[in-house]
Amino acid sequence: MDKRRIKKRRYIAAFIITASIFAIGLFFGFLMENIRVDYFQQQYENQELDFRSLQLQHQLANSELLENQCGGIRELFDIYIKELENTRERLDVYNKDAQIKKEEFNIMKRKYTLAQINFWYVSNLLKESCPQEADFITILYFYSDEKECPRCNEQATILDFYKLKLKEKLLIFALDSQFKEEPTIELLLETYDINSFPGLIIDGKKYNFLTREELGEILCNKIEDESLKEICEKGKE
Amino acid sequence: MIHVTRIILDVIYFISLYYAVFWLLTYLEEKPKEERKRSFKSWPKVSVIIPMYNEEENIKGTIESICNIDYPSDKLKIFVVDDGSKDQSLSIAEETMQEEKRKNPLLNINILHQENQGKFAAINTALEKTTSPFFATLDADSFPNKNALKNLLKEFTTKKVAAVSPILKIKNPKSLVEKLQWFEYAINYFYKSIIALRNAIHVSPGPLTVYRTEIVKNVGGFKEGHKTEDMELALRLQSKHYEIKQCEVAVVYTKAPSTLKSLLKQRIRWNLGSMRNIFDYSKMLFNKKYGDFGLFQLPMIPMAGILSVGLLGLLIFNSREQIKRYFLVLKTYQFNIFEYISDSWANFTTQFWFLNLNLKSIVMIGVFFSVSIFILYKGLKLFNEKIQKSKPALVTYVFLYYFFLAGVWLLVFKDLILKRDVKWK
């Protein structure tokens, strides 16, 4: 019987073509990561400007120059918080996806974490200096990974539930307690004595996991607006 | 964990793509040339063996179709072998035989009867009585076109050709399951026509494959072959370096499982039989001596099973997180879906639509999709049919059939691990 022949050349050619298609795929993936990093960079720069403006307005409002001029602050505040929360959430998702630009994503994450803490700080100052404009509730939310915090996912959905309804009346600052690159987080954890997760600081008071009903109760006590009260009353049920 | 699953996914993708690229290259480089077909001054003698077990519904049609096939009556000998049917098959076969003989007294048709021993034994019973240089097997639920036999014989161009198989089409596909298989058969046929270029076919199906009698007798006739005797014989022929061909102009219609459950049983039998037979012929795996068949095609059969089960597992594993998240959301909304939809709608943003694109997956899935469409197009062209058959079936085939096949493989691996035997029904 004749010997069978194989075409070695074809095995190699098929490998090269397959590898090339793979390389094109990887290249596009890499391109996308670049676009994402650029986007967040751009976004961050804009937000930083917004933040500086906010800070300056607050300082001016507090100074003798423009006493009790709280009007413009609120508007800027609302835009800023919306952008910040949206981008932070996306950033977390893309960070998990990132294959090559891990380092850049980590730096971005640090920037956004700082921006959040900054903003939380300003929102506290605002409550003191412009109380009539500061009709919002702030929640600092410390989360961790599955292993350390199996109920964090559930807590996040409950927070989202109220956020979607109360919108700018509820400010949630979600901080990754595992993000060791940013020492400020450690500082906050120690200050509020948080050693189990999820950890929530609502207007300065510490809580652990809160169910939809419990959180509704707490929010109801703080909300004055009648139409919004309905929402948290319903959430309590 | 995310990185492990990503790497596994990439490996699965790479192997599948390599496989597709290899055969597409073969197709482009060795496109079936207009080969000179063998012509006969006088047609050779052929025996057609119809093994039959409980086929009372189909046997009449099968006998009629083979009796009316375009072939000189004095060169054709038909054996119907009843393998101990428990229904009316035998009497119906006898009746049909008498009728056909009345119409054409020259017909040479014989009915043999034996205790139930299995399909392979039924074929062997008739094979022992066969003296013609060629013989064909014909499943009792299959119906060849008039010109099928002549066209198949024309493919025996060299002494090395041991078997030639026709195009198989599903007879009167009515249910969605049958229509799905109609598409599947079209695609499989195109794919088999490519691997045939490198003599890498691993099965010579029951509906009217023609064999060279001498070769089959020399290699020992049919064997039990884990209830997939047509695959066992093909592997045996391959192991002796004989050639198995496909004929693009011989069409045979065959009955297919019409329900998902019966299809599942058939596929478990096929795949489990394949695996068992491949174990028996494992010496050919990755063996250069057996050409592209041993080195590449044969290992791809178990590999396809492993990859499809692996992919299914990964998909379930990855969507598990997603499902958990949605469950939590709905729980928070106390399963008031409308409230959830209206809340998310009010906060809907398109801000990230572009950034959310996973370009790497889009490129890779795009390549796969194009290859699939090409194969589908070619398969239908070869089948000489258009997509008019059934659009819902086509959509189901493209998007959902994979999950069914992966499920079949999962059950096959379970049976292999538990060392279960292949069952007929």
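Below, chain A is the first sequence line, B the second, and so on; all start at residue 1.
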Whether the [X] and [Y] side chains hold a donor-acceptor pair (N or O, under 3.5 Å, no angle test) is what I'd like checked.
| X | Y | result |
| --- | --- | --- |
| A/Tyr143 | A/Asn153 | no |
| A/Thr157 | B/Thr332 | yes |
| A/Gln43 | A/Arg90 | no |
| B/Gln334 | B/Glu339 | no |
| B/Thr209 | B/Ser165 | yes |
| A/Glu214 | A/Tyr207 | no |
| A/Thr138 | A/Asp203 | yes |

Per-residue contact mode, [X] against chain A (heavy atom under 4.5 angstrom):
| X | value |
| --- | --- |
| B/Leu357 | both |
| B/Tyr333 | both |
| B/Val329 | both |
| B/Phe354 | both |
| B/Ser361 | neither |

Legend entry - Working for salt bridge (Lys or Arg N to Asp or Glu O under 4.0 Å), residues A/Lys7 and B/Glu30: CA-CA 12 Å; A/Lys7 292 190 172 171; B/Glu30 299 185 27; 3.3 Å; yes
Legend entry - Lys/Arg-Asp/Glu bridge criterion (N-O < 4.0 Å) met for B/Asp292, A/Arg10: no
Inset, instruction - Considering only NZ, NE, NH1 and NH2 on the basic side and carboxylate oxygens on the acidic side, decide whether A/Glu48 and A/Lys111 come within less than 4.0 Å. - result: no
Side chain, backbone, both or neither: which part of [X] has an atom under 4.5 Å from a heavy atom of chain B?
| X | result |
| --- | --- |
| A/Gln155 | neither |
| A/Arg151 | neither |
| A/Thr87 | both |
| A/Ala156 | neither |

Legend entry - Heavy-atom pairs under 4.5 Å with chain B, option from A/Phe15, A/Tyr94, A/Tyr11 with the top count: A/Tyr11
Inset, instruction - Measure the acute angle between the ring planes of B/Phe22 and B/Phe296, then classify it against the limits of 30° and 60° as parallel, tilted or perpendicular. - result: tilted
Inset, instruction - Answer yes or no: does atom OH of B/Tyr402 have more than 12 heavy-atom neighbours from other residues, nucleotides or ligands under 6.0 Å? - result: yes
For chain A, find which of [options] contributes the most heavy-atom pairs closer than 4.5 angstrom.
| options | result |
| --- | --- |
| B/Asn199, B/Asp10, B/Leu24 | B/Asp10 |
| B/Arg198, B/Lys324, B/Arg325 | B/Arg198 |
| B/Leu25, B/Leu355, B/Leu328 | B/Leu355 |

Inset, instruction - Could you please state which residues from residues 30-40 of chain A sit under 4.5 angstrom from chain B, measuring non-hydrogen atom to non-hydrogen atom, sorted by number, or 'none'? - result: A/Met32, A/Ile35, A/Arg36, A/Tyr39
